[in-house]
Structure formats: C-alpha cells, structure tokens
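Heads up, the thing below is written out as structure tokens.
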Amino acid sequence: MSITNTPTSSNFIQNIINDDQKTNKYGQRVHTRFPPEPNGYLHIGHAKSICLNFGLAKEYNGLCNLRFDDTNPSKEEVEYVDSIQQDVKWLGFSWDNRMFYASDYFERLYQYAVKLITLGKAYVCDLTAQQMREYRGTLTEPGKDSPFRTRTVQENLELFQGMRNGEYPDGSRVLRAKIDMASPNFTMRDPVLYRIMRAHHHRTGDTWCIYPMYDYAHPLSDAIEGITHSICTLEFEDHRPLYDWVLEDWESSEKPQQTEFARLDLTNTVMSKRKLRTLVEKGLVSGWDDPRMPTISGLRRRGYTPESIRDFCDRIGVAKSNSTVDIALLEHCIREDLNTNAARAMTVLQPLKIVLTNYPEGQVEELEAENNPENEDMGIRTIPFSRVLYIEQEDFMENPSKKYFRLSPGKEVRLKYAYIIKCEEVIKDEQGNVIELHCTYDPETKSGAGTSNRKVKGVLHWASAEHAVDVEVRLYEYLLVNEEEDEADGDDFLAKLNPNSLVVRQGKAEPALANVTGGERYQFLRQGFFAADPDSKPGKPVFNRIVGLRDSWAKAQKEG
RNA sequence: AGGGGCGUCGCCAAGUUGGUAAGGCAACGGACUUUGACUCCGUUAUGCGUUGGUUCGAGUCCAGCCGCCCCUGCCA
C-alpha cells in the first residue's frame with residue numbers, strides 16, 4: 001500500500017520564504033530554530049511549532065537548530081531539557097550537532113550590551129519595579145523618561161560592570177534600552193535588557209548574577225546562529241520592532257527576520273502550561289505523561305504515533321487567525337495510521353459468560369484469524385475456541401429494538417472467526433441481572449470452511465473463558481466535556497473537568513496479548529485502538545485506549 | 001481609549017498580477033462488509049464579518065462600520 005501525498009497548499013510562511021529565495025535575501029539559505037524554554041513539558045502545540053520549523057528546514061534543504069531559551073534560571077530546570085530532547089527526537093526530528101543554549105552566548109550578549117551603552121543606546125536605571133511601572137504610562141498616555149536616562153556613557157559602563165560584578169542587590173538596577181517612552185507600543189518604552197538575579201543557572205552555575213531578557217537575548221541568539229527565519233507565535237508580533245532594534249548594530253548585514261503564526265488550540269482539552277501544571281500538581285492526572293494530557297509524553301504513553309502527530313500538524317495548516325482545531329482531526333489521524341499498521345486482537349471489556357450447550361466439553365479448536373485485513377503481510381494467528389466463552393455485555397439485549405442486530409433471545413449472531421450461535425436461554429441472578437447465556441452453535445458455519453452460505457448481520461468478538469488472559473483496560477475520554485475551554489482563566493476549568501475521563505475495566509483478552517511490555521499497539525476488534533501501557537507485567541497486561549473506532553451504532557442510540 | 005493582529009461552509013484552511021469560491025475534518029445519504037470498523041460513491045458557501053465605492057467584472061482594490069485576539073513582567 002502506497003502512501004498518497006495529498007497535495008498540500010502552501011502557507012504564508014512558505015510564501016515568504018519563496019519570496020526571499022527569489023530576491024536572494026539569504027543566498028538561498030533557510031535556517032530555522034525551535035527555541036523552547038526549559039520550564040515545562042512540550043505539548044501538541046509545541047509539536048506544531050516543531051513540525052513547522054524542522055519541516056521548513058527539510059523542505060528547503062536548510063537546517064533547524066534546537067535551542068534552549070534559558071535566560072531565566074529562576075524557572076528553568078535540567079529535567080525539562082532532557083524531556084524536551086526526548087520529545088523532539090521521538091517526533092522524528094534531528095538537530096544533528098546543533099543543540100544550543102541561549103546561555104552559551106551570555107558573554108557575547110554582555111559585550112553587545114556594552115556596545116549599545118557605548119553607542120548611547122542603553123542605560124542603567126535605578127528605578128524600582130514599582131516606579132518603572134508608574135513611569136511606563138498607560139495604553140493612552142505616553143510614559144515618561146526615567147531620571148537615570150541621561151547618565152553618561154562612562155557612568156553606564158561602570159554601573160553595568162558593577163552589576164555584572166555583583167556589587168548591587170537583586171532588583172536594584174537594570175540595564176534598559178533607550179528607545180522611546182512615548183511609543184504607542186509598550187515594548188518600545190525603554191524595555192529592560194538585563195536584570196540582577198542571584199539564581200543558580202542549570203548550565204552557567206553561579207558565574208552570572210545578571211541575566212538577559214528574552215527580547216534582548218532572542219534576536220541576538222538567532223543572529224549568532226545565522227538563523228534566517230525566526231518563527232514565533234502571534235503574541236510576539238508587538239515585539240518585532242524591538243527584535244529589529246536589537247539587531248540594528250549587529251555586525252552582519254544578513255539579519256534574521258521574525259515571523260509570527262497562530263498557536264494551536266484544541267477542543268475538549270486544556271493547553272496552557274499553567275493549567276497543565278495545575279492538573280499535575282493537584283493530582284487530577286497521574287503526571288505530565290498521563291495519557292489524558294495533550295503533552296507529547298502523554299500522547300506517546302496513550303499510544304499516539306509520531307507519524308500521526310506529524311500528519312495532524314501538516315493538516316491543520318499555518319496561518320495567523322486564532323483558531324481552535326477540532327480534536328476529531330487528531331483522532332482521525334491516529335485512526336488512519338493504525339488502521340493499516342496495528343494488528344487486530346479480540347478483547348472483551350465487560351464480559352458476559354456464554355455456554356455453548358451443544359459444543360463438546362473439553363474440546364478446544366484453534367481458529368485462524370487474520371492479523372490485519374488491511375494488510376495481508378501481517379499474517380495470521382490462531383485463537384482458542386471452546387465451550388465456555390465471554391462476549392461483551394453490550395452485545396446482548398433481552399428486549400432489543402428492530403435495529404439491534406446483536407444477540408438476543410432466540411436470535412443468531414456470528415462469533416468472529418468462529419461459528420454462528422443462537423441464544424437459547426437467559427440466566428439471571430436474584431436481582432434479575434443477566435449473568436449468563438446458554439447458546440447453541442451451528443457446526444456447519446465454521447469460518448472459512450465454506451460449508452454454509454448462511455449470513456447473519458451481527459458479528460461479535462469473544463474470548464474463550466478457559467484461555468483468556470485478564471487485562472486491565474483504561475478507557476480515556478476528553479479532559480473537558482465542553483468543546484470550548486470557556487476561558488476566563490483562573491481555575492474555573494477544574495469545575496468543567498470530565499469526571500469520567502478515565503474508566504478502568506477488567507477485561508478478558510485472547511492469549512496472544514498476555515506478555516506485552518508497553519508500547520505495542522492493537523486494534524481491539526469493534527472497540528478501538530489500544531496501546532500496552534508500561535505498567536504491564538508478564539501475564540498481567542494493561543492497555544490504554546488510544547481512540548475508539550467510529551461507532552455509528554452508538555451515535556444512532558444517542559440520538560434515540 | 002492608544003498600538004499590533006485577525007474575520008472565507010459546523011471546525012481548520014487555500015485563494016499568485018481583480019476574471020467569476022481548492023482541500024481536509026465533521027455531518028448527512030447510499031454501496032460493500034465474518035469489525036454497525038475500514039473502503040467506495042454522493043450531498044453540503046450565487047457565498048467570502050458588514051455597508052457603501054471603484055470596475056465590464058472584487059473574497060481579492062478603496063472608505064466607513066462591527067466583532068474577536070494580543071500588549072501596561074526586572075516571564076518567555
């Protein structure tokens with residue numbers, strides 16, 4: 001089966017690059033970067049950025065760097081730089097030997113700041129944070145100049161050196177760009193370039209007590225690495241003039257350009273780092289890699305493939321309008337991938353015992369089953385069949401509607417790969433619950449035997465009681481029942497969490513599933529796609545439901 | 001209110017110099033089916049936030065209006 005390349009239309013960033021290639025702006029070079037701050041786990045929104053940046057580099061025969069934006073040691077940890085690398089690799093991208101840290105450039109950044117001071121474009125300011133806020137002005141009123149704005153170059157040079165030397169307490173002074181306190185754009189009102197902060201940095205240790213701000217470090221890091229296209233999200237659009245300002249005195253005339261695109265938002269889940277952290281810290285999920293989380297590690301544990309996530313990122317497009325993508329598209333991508341690639345298996349999630357009263361006691365047949373009807377190369381396996389079996393509770397109904405074509409009293413159904421059976425007797429407990437069915441089977445209807453042309457509409461999956469392995473199956477639903485997050489920040493979203501986002505079932509699976517270790521993916525017939533969880537133990541498998549099969553019957557039921 | 005953006009089918013999203021609305025997801029019909037799955041076929045914008053204008057002709061140009069998002073961290 002060949003992979004069809006659906007003709008994808010170009011996005012506005014590709015158009016920009018195409019123009020740059022025409023005008024030879026970067027001599028045909030395309031060099032991007034993925035610049036995460038190591039202060040949290042990557043999520044599907046980052047995957048969009050990763051696929052965009054690495055994808056563009058690949059498409060244009062360029063390069064993409066991985067760069068940790070580690071300019072704020074008070075929030076960053078090595079734990080995250082490790083998980084980020086793992087996630088990018090897992091998604092299928094390689095930065096080769098180009099893994100950098102903004103902190104690699106601290107000395108150059110410092111020297112460039114000295115240059116700006118010398119040029120009269122930066123000054124040391126002693127205003128407190130509170131005062132600076134007051135001086136900044138408001139949306140409609142211009143700010144006013146800091147009284148320290150007119151310090152001499154010499155004084156600024158000495159003070160900045162003193163800042164570096166640790167002569168002043170944290171927060172007592174900052175280095176500021178001298179731009180325009182009356183600018184209608186706040187980020188141009190003499191933004192802070194450096195702050196004093198005695199925090200241990202995960203890479204530079206205690207070498208520095210002053211750290212550069214993002215707006216200063218980022219354009220310079222891009223320039224140092226020879227980045228051509230610096231792609232970031234929409235909220236940085238206002239910062240672009242500052243990005244360009246910082247680079248005005250850069251040594252090379254070939255400067256990177258910033259382009260902004262809309263970050264990904266998904267229905268039925270939460271995406272902000274803060275909310276994800278809340279879920280983890282309040283113990284509402286088992287961790288950053290809980291299979292309900294939209295984190296890369298969560299999706300990985302859930303069973304999503306990197307291919308399906310890349311496909312998703314290709315399909316959602318890249319544009320500038322804020323949008324919320326229907327999570328159904330993500331589900332479509334994983335179903336499409338796994339439909340052709342995942343082996344089939346039978347697992348009964350909620351067992352109902354049935355006895356084939358006319359099947360010889362003690363007899364066991366090994367029935368042939370295809371591993372994947374979409375892919376013959378995946379071969380066949382055998383499944384034991386015997387007198388006592390389990391079927392799904394949902395697959396029996398005592399008083400069904402005419403549209404129900406599963407099992408009911410006196411009705412026939414086929415057991416997949418096996419025989420047509422007929423329900424003869426319903427056995428109940430004292431409360432009237434159905435606890436067992438007595439059925440008969442028709443020996444002439446064995447699958448593949450060609451001894452009968454009888455057709456029945458219903459086909460059920462099953463497990464042989466004597467041979468089945470006990471499995472724990474974790475069924476996941478959306479984190480949020482409502483499609484929209486209903487914003488209004490705060491922790492309101494906690495009240496909207498789906499109480500049934502995790503339902504655990506103790507099921508019965510065919511014996512082949514006994515010894516999974518984690519990561520194996522299957523389609524459980526008529527149920528969905530599942531992945532073995534690392535919690536699996538020999539003989540005691542645990543499965544996560546990645547996504548259910550499309551279910552038009554369930555849909556029809558819901559609509560009544 | 002000042003600045004920066006955005007507004008094309010329920011959800012995404014193409015739309016090169018104005019020439020007469022791609023595609024995907026979802027939905028809905030139908031065919032096929034030993035997974036009510038998959039696959040296949042078909043249906044869904046005389047309409048591009050809105051009102052005017054320019055033009056033989058506008059989603060594409062102009063003007064006004066409306067709506068939504070971002071910006072007053074020594075966060076990124």
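Just so it is clear: chains get the letters A, B, ... in the order the sequence lines come, proteins before strands, and each one is counted from 1. When reading the values below, keep in mind they use all heavy atoms of this one structure, side chains included, and skip hydrogens, waters and symmetry mates.
- Using a 4.0 Å heavy-atom cutoff across all strands shown, Asn15(A) reaches sugar-phosphate atoms only and no base atom.
- Rounded to a whole Å, the CD atom of Gln527(A) is 11 Å from the P atom of G36(B).
- At the heavy-atom level, Arg335(A) lies nowhere under 4.0 Å from the strands shown.
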Practice task
Determine, stepwise, if the pair Thr445(A) / Arg414(A) fulfils side chain to side chain donor-acceptor pair (under 3.5 Å).
Solution key: CA-CA 9 Å; Thr445(A) 58; Arg414(A) 173 175 285 283; 4.7 Å; no
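- Rounded to a whole angstrom, the distance from the P atom of U60(B) to that of C71(B) is 30 Å.
- Contact annotation for Arg173(A): no contact, since no heavy-atom pair falls under 4.0 Å across all strands.
- His218(A) has its ring centre less than 6.0 Å from the ring centre of Tyr214(A).
- Here Glu331(A) lies out of heavy-atom contact (under 4.0 Å) with every strand.
- When distances run from any side-chain atom of His239(A) to the nucleotides A76(B), A26(B), A27(B), the shortest one goes to A76(B).
- Taking every side-chain heavy atom of Arg133(A) into account, G73(B) is the closest of U34(B), G73(B), G24(B).
- For the pair Arg195(A) and A76(B), the criterion of a side-chain N or O lying under 4.0 Å from OP1 or OP2 is met.
- Taking only side-chain atoms of Lys455(A), from C-beta outward, the nucleotide of G36(B), C12(B), U34(B) with the closest atom is U34(B).
- Ring-base stacking between Tyr214(A) and A76(B) is not satisfied when judged by a centre separation under 5.5 Å and a plane angle under 30°.
- Met197(A) comes within 4.0 angstrom of no nucleic acid atom, judged by non-hydrogen atoms across all strands.
- Within 4.0 Å (heavy atoms only), Gly137(A) reaches at least one base atom of the nucleic acid.
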Exercise for the section: Take Phe530(A) and Tyr522(A) through the test ring-ring contact (aromatic ring centres under 6.0 Å, His included) and record every step on the way to the result. Expected result: CA-CA 5 Å; Phe530(A) 293 78; Tyr522(A) 295 92; 9.6 Å; no
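- Across C28(B), C11(B), U33(B), the shortest atom-to-atom separation from the side chain of Lys555(A) is found for C28(B).
- A14(B) and U50(B) have their C1' atoms separated by 23 Å, with the value rounded to a whole Å.
- Nearest nucleotide to the side chain of Arg315(A), out of C25(B), G36(B), C38(B): C25(B).
- Cation-pi check for Arg203(A) over Tyr101(A) is met; the charged atom lies under 6.0 angstrom from the ring centroid and within 45 degrees of its normal.
- Between the side chains of Arg133(A) and Gln130(A), at least one donor N or O sits under 3.5 Å from an acceptor N or O.
- Asn185(A) and Ser183(A) share no donor-acceptor pair across their side chains, judged by distance under 3.5 Å alone.
- Remark: the Tyr419(A) side chain and the Glu365(A) side chain contain an N/O donor-acceptor pair separated by less than 3.5 Å.
- Classified by its glycosidic torsion, G42(B) falls in the anti category, the angle being over 90° from 0.
- Annotation: A13(B) and C6(B) have their C1' atoms spaced 14 Å apart (nearest Å).
- Comparing A14(B), C71(B), A13(B) by their nearest atom to the side chain of Ser321(A) picks out A13(B).
- Nucleotides C68(B) and U8(B), compared at atom C1', are 16 Å apart to the nearest Å.
- A sub-4.0 Å separation between OP1 or OP2 of A76(B) and a side-chain N or O of Thr71(A) is present.
- Glu76(A) contributes no side-chain N or O that, together with a main-chain N or O of Asn39(A), makes up a donor-acceptor pair within less than 3.5 Å.
- With no hydrogens or angles considered, a side-chain donor-acceptor pair links Tyr105(A) and Glu225(A) at under 3.5 Å.
- When each of Thr140(A) and Leu234(A) is assigned the nucleotide of RNA chain B with its nearest heavy atom, Thr140(A) is the one assigned upstream, toward the 5' end.
- Of the candidates C25(B), A14(B), A76(B), A14(B) carries the atom nearest the Asn11(A) side chain, counting heavy atoms from C-beta on.
- Between Tyr110(A) and Phe160(A), the ring planes are parallel. Angles under 30° get that label, and only those over 60° would be called perpendicular.
- Using a 4.0 Å heavy-atom cutoff across all strands shown, Tyr404(A) reaches at least one base atom of the nucleic acid.
- As judged by a 4.0 angstrom heavy-atom cut-off over every strand, Val192(A) is placed among residues touching the sugar-phosphate backbone only.
- Note: Phe524(A) and Phe543(A) have perpendicular aromatic rings, judged against thresholds of 30 and 60 degrees for the angle between ring planes.
- Residue Val456(A) is classed as having no contact, given no heavy-atom separation below 4.0 Å to the nucleic acid.
- Within 4.0 Å (heavy atoms only), Arg136(A) reaches sugar-phosphate atoms of the nucleic acid but no base atom.
- One C1' atom belongs to C56(B), the other to A45(B), and the distance between them is 25 Å to the nearest Å.
- Residues meeting the salt bridge (charged side-chain N to carboxylate O under 4.0 Å, His left out) test with Asp311(A), sequence neighbours left out: Arg315(A).
- Between His332(A) and C25(B) there is a side-chain polar atom (N or O) within less than 4.0 angstrom of OP1 or OP2.
- If you check every strand for non-hydrogen atoms under 4.0 Å, Lys403(A) touches a base.
- Considering only side-chain atoms of Leu549(A), the nucleotide from C75(B), C12(B), U35(B) that sits closest is U35(B).
- Contact annotation for Leu139(A): base contact, defined as any heavy-atom pair under 4.0 Å involving a base atom.
- Listed nucleotides A26(B), G15(B), G5(B) differ in distance to Ala328(A); the shortest reach to its side chain belongs to A26(B).
- Using a 4.0 Å heavy-atom criterion, one finds that Tyr194(A) contacts no nucleic acid atom at all.
- To the nearest angstrom, P of C74(B) lies 12 Å from OH of Tyr123(A).
- Residue Arg550(A) places at least one side-chain N or O closer than 4.0 Å to OP1 or OP2 of A26(B).
- At C75(B), none of the side-chain N or O atoms of Lys273(A) fall inside 4.0 Å of OP1 or OP2 (strictly under the cut-off).
- Using a 4.0 Å cut-off between a side-chain N of Lys or Arg and a carboxylate O of Asp or Glu, Glu260(A) and Arg240(A) qualify as a salt bridge.
- Using a 4.0 Å cutoff on non-hydrogen atoms, the parts of residues 181-188 of chain A near RNA chain B are Pro184(A), Phe186(A), ordered by number.
- Stem regions annotated for RNA chain B: B:2-7 with B:66-71, B:10-12 with B:23-25, B:27-31 with B:39-43, B:49-53 with B:61-65, counting only runs of 3 or more consecutive pairs of Watson-Crick or G-U type with both contacts under 3.5 Å.
- At the heavy-atom level, Gly458(A) lies nowhere under 4.0 Å from the strands shown.
- Scanning atom types as modelled, one donor and one acceptor separated by under 3.5 angstrom connect the side chain of Arg414(A) and the base of U34(B).
- Computed from coordinates, the Gln131(A) CD to C74(B) P distance equals 13 Å when rounded to whole Å.
- Remark: Lys508(A) is not positioned above the aromatic ring of Trp462(A), lacking an NZ or CZ atom under 6.0 angstrom from the ring centre and at most 45 degrees off the axis.
- Among the nucleotides C75(B), C6(B), C25(B), the one closest to any side-chain atom of Leu329(A) is C25(B).
- Proximity of Ser552(A) to the phosphate of A37(B): a side-chain N or O atom is located under 4.0 Å from OP1 or OP2.
- Comparing Leu525(A) and Glu235(A) along RNA chain B, the residue whose closest nucleotide (by nearest heavy atom) sits nearer the 5' end is Leu525(A).
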